[in-house]
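Report on the structure given below.
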Protein chains: 2
Amino acid sequence: MVTIKDVAREAKVSVATVSRALNGSADVTPATRARIERAAARLRYVPMGAARSLVTRRTQAIGALLPDLFGEFFSELIRGIDLAARTHGLHLLVSSSHGDADEAAVALRAMQGRVDGVLIMSPHVDAAFLRKHLADSIPAVLLDSPPREPRRPHVNIDNQGGARAMTQYLLALGHRKIAFIEGPEGNRDARERRRGFEQTIAAHDGAGARYLKGDYSEESGYRAGRALLAGRKLPDAVFAANDMMAIGCLSALNEAGVQVPDQIALAGFDDIPIARYTHPPLTTVHVQIAQLGHAALERLVAQMQTLDTPEADVTTMPCEVVVRASCGSRSKTSGSGKAVQIRKLQ
Amino acid sequence: MVTIKDVAREAKVSVATVSRALNGSADVTPATRARIERAAARLRYVPMGAARSLVTRRTQAIGALLPDLFGEFFSELIRGIDLAARTHGLHLLVSSSHGDADEAAVALRAMQGRVDGVLIMSPHVDAAFLRKHLADSIPAVLLDSPPREPRRPHVNIDNQGGARAMTQYLLALGHRKIAFIEGPEGNRDARERRRGFEQTIAAHDGAGARYLKGDYSEESGYRAGRALLAGRKLPDAVFAANDMMAIGCLSALNEAGVQVPDQIALAGFDDIPIARYTHPPLTTVHVQIAQLGHAALERLVAQMQTLDTPEADVTTMPCEVVVRASCGSRSKTSGSGKAVQIRKLQ
DNA sequence: TTCAGGAATGAAAACGTTTACATTCCGTGC
DNA sequence: GCACGGAATGTAAACGTTTTCATTCCTGAA
């Protein structure tokens, strides 16, 4: 292994000068600097991070503790974090796919002493968990977590705002009786989405709501659709708490020969990749996941720089309504004319 | 910051004993060990990775250098790597989304001195690149890269074998005239897939092939479909080099009222998530991405343990044909009865 | 009682780097 | 010609941990 000493010998200077030349330019003659750089290149010298960290007390790395995430969401989140981290010269230590709190705890502990800060996203994490497994001295930002830990900054998705925006959009289209397919009971996102819908309906004269149980699965959306069809009168619109349920509901409606959006409008939440391929393409709420990661990292860096300020704030990332064809309306029905029929396999 | 010295003082022993007690159990009295553990817990001591690495000359971390990958593929790959890494007590340093060779070079250089080994997947990487930017001493495994660097182990996807298997499957169903929609010119995967198809057709009496240009985009698949429809006689089957093109082709066929699979069979490659939602669900070749990551990490660990053996081998991960409905046949048409029509938005 | 020998623990070196402080060197003003 | 000052470079301490070697302590055999 080639160390700074080897470079020093090769360039006939002291290690201190090598260090100065190779790091930020202190005062070192252009000639010596060039000589040192040549020597370093010739020897293929790469500084050992550990030694550097030991003395600078900085690892130049941040950790990301993530739960078991599905395709799109995970990739985009990491992309957002990674890109932002790179602009700060930070490395990214990833620990993902934690099924339960114990796994998360082990991972979180293992990270400490190797990173300058942590991004934590986990359903298992609460104030007690953090106090137990995370040193107070290490900066951390919580992603998409209930603001139950008042001493740490949070960056959350604005589920409620998104649901509000979508509901307003539906109302603006003239829909009055709207059915809402709920997400799973315990789920916080689901609860917030419902609340956004609820609020908006309550604030709007003449609007009526109906609630159907669901659990985020396509199956449950399908059942909700059947339940609606069984009623004597269809609502004007259906707003599902996520896209999968919207798709399930769409199946039920299609099966019954009910036209979307002509006879009933349909909206989802998440903007999963398939959403643009359904027929009609699904109007839904888009969450900018990469942005979420980006924002979280920036918040963490800010926290790392002002070590003294354990300011605990909550940033919420806005969601936007993506208008496609499933709610009818003035949508720019920009279809290419090509159609694919899709059927669910299982 | 609480160090090992603090723990030593607290437990009234020397730092050496603390180290011994906390690491693998050397010989230390149960009583002292307990005392030390209590002290460490009380003080919330976490060993500093850098200091440890400095003396052990191990970082207990591996790096993953990845290109700009899309949803599913990226998540699964990381999952596979991460899970395998965890079983070895290794941390995972991720650096992704590299657009060009220069970015990859910077990232690769930055990683060195912080990891014990690297997993590299990048279209920009070749032997010259590695020799220039990667120290010989650091173990590395190349993922899904052309085996152009003979001194490093590779773990690749068996594109050729997958294409072969699918072609055999189509032939077994009785299809004889098969059209192949090619991937982009320069693409290695695409070339291998074509080769697998070609070989199998050539080896089969009475089989005939026809080749259509494509570039992996849905659009190009649609064009290929139109081209087929323009001919005087449809082939028995179409095998697209990826799912997106298969879906594009399906659009064209649907539009023309051609029934899939009754009038023509259709197969894809990749098994992207949407593949199971098309109508009919798409028979395709599944790549076990998580397994790929897993295998690559295991190979890297092996390489790291036997430092002296720079054995350069190529592991290929098998692909498997996933039978759905788009090729007709004895497929277990296990549809749930629910159908979603899908249309492409843009 | 003495001493050998082994088990538990301590002292200190080493790891590669940064950086405060010391040293050298050179030019400039007197 | 000398002292002074500043720029360039060198010396050595420090970072927190592991580990080799030394030391202490205890047990049991002679």
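This is a predicted model, so every value here is computed, not measured. In what follows, chains are A, B, ... by sequence order, proteins preceding strands, each numbered from 1.
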Task: Any B/T17 side-chain N or O less than 4.0 Å from OP1/OP2 of C/dG10 - done: yes

Open item on the list: Between P on D/dT9 and CZ on A/R9, what's the gap in Å once rounded to a whole number?
Closed with: 19 Å

- [ ] Please check if the side chain of B/D82 supplies one atom and the backbone of B/R79 the other of a donor-acceptor pair under 3.5 Å.
- [x] no

Open item on the list: If you assign each of B/V13 and A/K5 to its closest nucleotide in DNA chain C, which residue comes earlier from the 5' end?
Closed with: B/V13

- [ ] Without swapping roles, check the side chain of A/Q291 against the backbone of A/M317 for a donor-acceptor pair under 3.5 Å.
- [x] no

Open item on the list: Does A/T32 reach a base, just sugar-phosphate, or nothing at all? Heavy atoms under 4.0 Å.
Closed with: sugar-phosphate

Task: Distance-only polar pair, side chains of A/N156 and A/T316, donor-acceptor under 3.5 Å - done: no

Task: Separation of atom CE in B/M48 from atom P in D/dT17, rounded to whole Å - done: 8 Å

Task: Distance-only donor-acceptor check, side chains B/E298 and B/H88, under 3.5 Å - done: yes

Open item on the list: On DNA chain C, does the nearest nucleotide to B/P30 precede the nearest nucleotide to A/A50 from the 5' side, or the other way round? Give the residue.
Closed with: B/P30

Task: Atom pair distance, as rounded to whole Å: CZ in B/R114 and C1' in C/dG16 - done: 14 Å

- [ ] Could you pick out which residue, B/A16 or B/A51, lies toward the 5' side of DNA chain D when each is mapped onto its nearest nucleotide?
- [x] B/A51

- [ ] Output yes when at least one side-chain N/O atom of A/T3 is less than 4.0 Å from OP1 or OP2 of C/dG16, else no.
- [x] no

Task: Between C/dT19 (C1') and A/R20 (CZ): distance, integer Å - done: 8 Å

Open item on the list: With a 3.5 Å cut-off and heavy atoms only, can you find an N or O donor on one side and an acceptor on the other between the side chain of B/R57 and the base of C/dG16?
Closed with: no

Task: Spacing between A/M1 atom CE and C/dG16 atom C1', to the nearest angstrom - done: 8 Å

Task: C/dT17 OP1/OP2 closer than 4.0 Å to side-chain N/O of A/S19 - done: no

Open item on the list: So B/T29, base contact, sugar-phosphate only, or nothing? Heavy-atom distance under 4.0 Å.
Closed with: sugar-phosphate

Open item on the list: What is the distance, to the nearest angstrom, from the CZ atom on B/R58 to the C1' atom on D/dT17?
Closed with: 17 Å

TODO: Could you check A/V55 against B/V55 and say which one's nearest nucleotide on DNA chain D is further toward the 5' end?
DONE: A/V55

TODO: Keeping the roles fixed (side chain from B/S53, backbone from B/R58), state whether a donor-acceptor pair exists under 3.5 Å.
DONE: yes

Task: Whole angstrom value for the distance that separates P of C/dC15 from CD1 of A/I4 - done: 15 Å

TODO: Figure out the CG/P separation between B/L54 and D/dT18, and round it to whole Å.
DONE: 11 Å

